[in-house]
Amino acid sequence: MSVRVRRVYDPPEPDDGVRVLVDRLWPRGVSKDAARVDEWPKGLTPSTELRRWYHAGEGSYEEFARRYEAELTASEASELLGRVREMAGAGDVTLLTAAKSPGESHAAVLLRLLDEG
């Protein structure tokens, strides 16, 4: 069982397992059929305020990650993270994002937290 991050624009692969879109907004230019998303837990995504702050270039990735982790302690986000953790315990999970740099996005924070268990 593994968890990985891929861009939603990449074609699905047979070993993706459960495909979880971790963006709050549906990605531009991708049909729902082409994306083959199994789960879309919007409550697991960074708040609009945090997303805007980070994309405005006002802070570092490390600060973004710290603030996002704090948001993930809220009830709904914590429950959703637990659900994804359960899915990962049962099989492969692919976190999908439209971020241009998935390694410096909220998806990377989720991946790290899921890997830590």
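If you're wondering where the values come from, they're calculated on a predicted model, not measured in any experiment. Side chains included, hydrogens not; waters and symmetry mates left out as well; all remaining heavy atoms used.
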Parallel, tilted or perpendicular: rings of Y61 and F64 (30°, 60°):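 Taking Y61 first and then F64, their aromatic rings sit tilted (interplane angle of 30° to 60°).
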
So how far is it from [X] [atom1] to [Y] [atom2], rounded to the nearest 0.5 Å?
{"X": "Y68", "Y": "T73", "atom1": "OH", "atom2": "OG1", "value": "11.5 Å"}
{"X": "R36", "Y": "L96", "atom1": "CZ", "atom2": "CG", "value": "10.0 Å"}
{"X": "D38", "Y": "L21", "atom1": "CG", "atom2": "CG", "value": "11.0 Å"}
{"X": "T94", "Y": "M87", "atom1": "OG1", "atom2": "CE", "value": "11.0 Å"}
{"X": "L111", "Y": "S105", "atom1": "CG", "atom2": "OG", "value": "9.5 Å"}
{"X": "E69", "Y": "L110", "atom1": "CD", "atom2": "CG", "value": "9.5 Å"}

Side-chain heavy-atom pair W40, K42 within 4.5 angstrom cut-off: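 Yes, side chains in contact.
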
Taking every non-hydrogen atom, the tightest pair across A98 and D23: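 In terms of heavy atoms, the two residues are closest at N-OD2, 2.6 Å.
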
Over all atoms of both residues, closest heavy-atom pair of P27 and Y9: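 It is CB-OH, 3.6 Å.
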
Consider only side-chain heavy atoms of I, L, V, M, F, W and Y, link residues closer than 4.5 Å, and tell whether [X] and [Y] are in one cluster.
{"X": "V37", "Y": "V20", "value": "no"}
{"X": "V22", "Y": "V30", "value": "no"}
{"X": "V93", "Y": "V109", "value": "yes"}
{"X": "L44", "Y": "L114", "value": "yes"}

Got a list of side-chain donor-acceptor pairs under 3.5 Å for residues 46-57, not counting sequence neighbours?
from	atom 1	to	atom 2	distance (Å)
S47	OG	L50	N	3.1
S47	OG	E71	OE2	2.6
Y54	OH	E104	O	3.0

Donor-acceptor pairs under 3.5 Å, side chain of residues 76-83 to any protein atom, not counting sequence neighbours: which ones?
from	atom 1	to	atom 2	distance (Å)
E79	OE2	S75	OG	3.4
R83	NH2	E39	OE1	3.2
R83	NH2	E39	OE2	2.8

Do the side chains of [X] and [Y] get close enough for a salt bridge, i.e. N-O under 4.0 angstrom?
{"X": "E63", "Y": "R66", "value": "yes"}
{"X": "R19", "Y": "D16", "value": "yes"}
{"X": "D15", "Y": "R4", "value": "yes"}

Under 3.5 Å donor-acceptor, [X] side chain and [Y] backbone:
{"X": "R24", "Y": "T45", "answer": "yes"}
{"X": "R6", "Y": "L95", "answer": "no"}
{"X": "D92", "Y": "S2", "answer": "yes"}
{"X": "S101", "Y": "G103", "answer": "no"}

